[in-house]
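Comments concern the structure below.
None of these values were measured; they are calculated from a predicted model.
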Amino acid sequence: MTEEATLKLVGPIIRGVDDDIINAVIDAAEEDNPDREIYVEDRSGYVRVQAEKEFVLTQRTMVEKLGRPFRLSELEPSLVSFAGRLTTLDDKWEWALKG
């Protein structure tokens, strides 16, 4: 069993159609979650970007990483699934363990 299989990971699962978005999410995840190890699992058709127990993604960091205006709602068409409970705010999405 891998280390990742024993962890309680949460975060987005993104369809692999837009490399710019995926790379921005990975880079933003590292900046928005400085005290957490980010796990990236590329399955060709989709990419899991996750951290243990909590994961935050901010609009500000996505704008910075993409170098253009970006609203988190633009991520929705690429978001095929996610792990954890998702709380959405206009400028920040947070995933956490349920309950």
Side-chain angles (χ1 to χ4, degrees):
M1 186 177 288
T2 67
E3 175 190 1
E4 292 174 26
T6 61
L7 299 175
K8 300 198 183 302
L9 299 177
V10 297
I13 302 169
I14 305 164
R15 183 178 305 119
V17 294
D18 188 336
D19 287 342
D20 290 341
I21 296 288
I22 291 171
N23 290 332
V25 169
I26 293 167
D27 292 345
E30 292 172 355
E31 188 168 323
D32 287 339
N33 300 276
D35 298 332
R36 301 197 176 284
E37 184 170 349
I38 302 301
Y39 296 89
V40 178
E41 181 182 355
D42 187 342
R43 294 291 192 149
S44 296
Y46 64 89
V47 178
R48 293 175 184 266
V49 185
Q50 300 177 309
E52 187 172 15
K53 297 182 183 174
E54 295 178 1
F55 183 98
V56 174
L57 188 64
T58 66
Q59 179 174 310
R60 178 194 60 76
T61 308
M62 286 295 293
V63 167
E64 177 185 309
K65 300 303 177 187
L66 286 167
R68 65 171 174 83
F70 182 84
R71 296 180 54 84
L72 287 174
S73 60
E74 291 177 55
L75 187 58
E76 289 176 12
S78 299
L79 189 68
V80 294
S81 188
F82 55 87
R85 174 172 286 157
L86 173 59
T87 302
T88 59
L89 304 170
D90 287 341
D91 63 344
K92 177 170 58 172
W93 286 5
E94 299 175 336
W95 286 264
L97 288 179
K98 295 179 182 176

Considering only distance and modelled atom types, tabulate donor-acceptor pairs under 3.5 Å from the side chains of residues 14-23, sequence neighbours left out.
unit_1, atom_1, unit_2, atom_2, d
Arg15, NH1, Pro77, O, 2.6
Asp18, OD1, Asp20, N, 3.0
Asp18, OD1, Ile21, N, 3.3
Asn23, ND2, Asp19, O, 3.1

Notebook entry, point to check: Taking all non-hydrogen atoms of both residues, which atom of Pro12 and which atom of Gln50 are closest, and how far apart?
Noted result: O-CG, 4.4 Å
Item checked: Tyr46: hydrophobic cluster co-members (side-chain, 4.5 Å) -> Ile13, Val80
Item checked: Euclidean distance, Glu94 CD relative to Thr88 OG1, rounded to 0.5 Å -> 10.0 Å
Next item on the list: Taking Asp42 for its side chain and Val47 for its backbone only, find out whether a donor-acceptor pair lies under 3.5 Å.
Entry: no
Check: Excluding sequence neighbours, so at least two apart, what forms side-chain contact (heavy atoms from CB on, under 4.5 Å) with Arg60?
Finding: Glu31, Asp32, Thr58, Glu64
Next item on the list: Could you grab the distance from atom CD of Glu52 to atom CD of Glu37, nearest 0.5 Å is fine?
Entry: 9.5 Å
Note to self: Under the salt bridge (charged side-chain N to carboxylate O under 4.0 Å, His left out) definition, can you give me all pairs with a residue in residues 66-77, not counting sequence neighbours?
What the structure shows: Arg68-Glu74
Next item on the list: Looking only at non-hydrogen atoms, find the nearest pair between Ile38 and Ala51 and report the distance.
Entry: CD1-CB, 4.0 Å
Notebook entry, point to check: Sequence neighbours excluded, which residues qualify as side-chain hydrogen bond (donor to acceptor under 3.5 Å, both in side chains) partners of Arg36?
Noted result: Glu54
Notebook entry, point to check: What pair of heavy atoms forms the shortest contact from Met62 to Leu57, and how long is it?
Noted result: SD-CD1, 4.0 Å
Checklist line | Atom of Val49, atom of Ala29 and distance for their closest heavy-atom approach | finding: CG1-CB, 4.0 Å
Check: Which pairs pass ring pair (Phe, Tyr, Trp, His ring centres under 6.0 Å) with one or both residues in residues 50-70, sequence neighbours excluded?
Finding: Phe55-Trp95
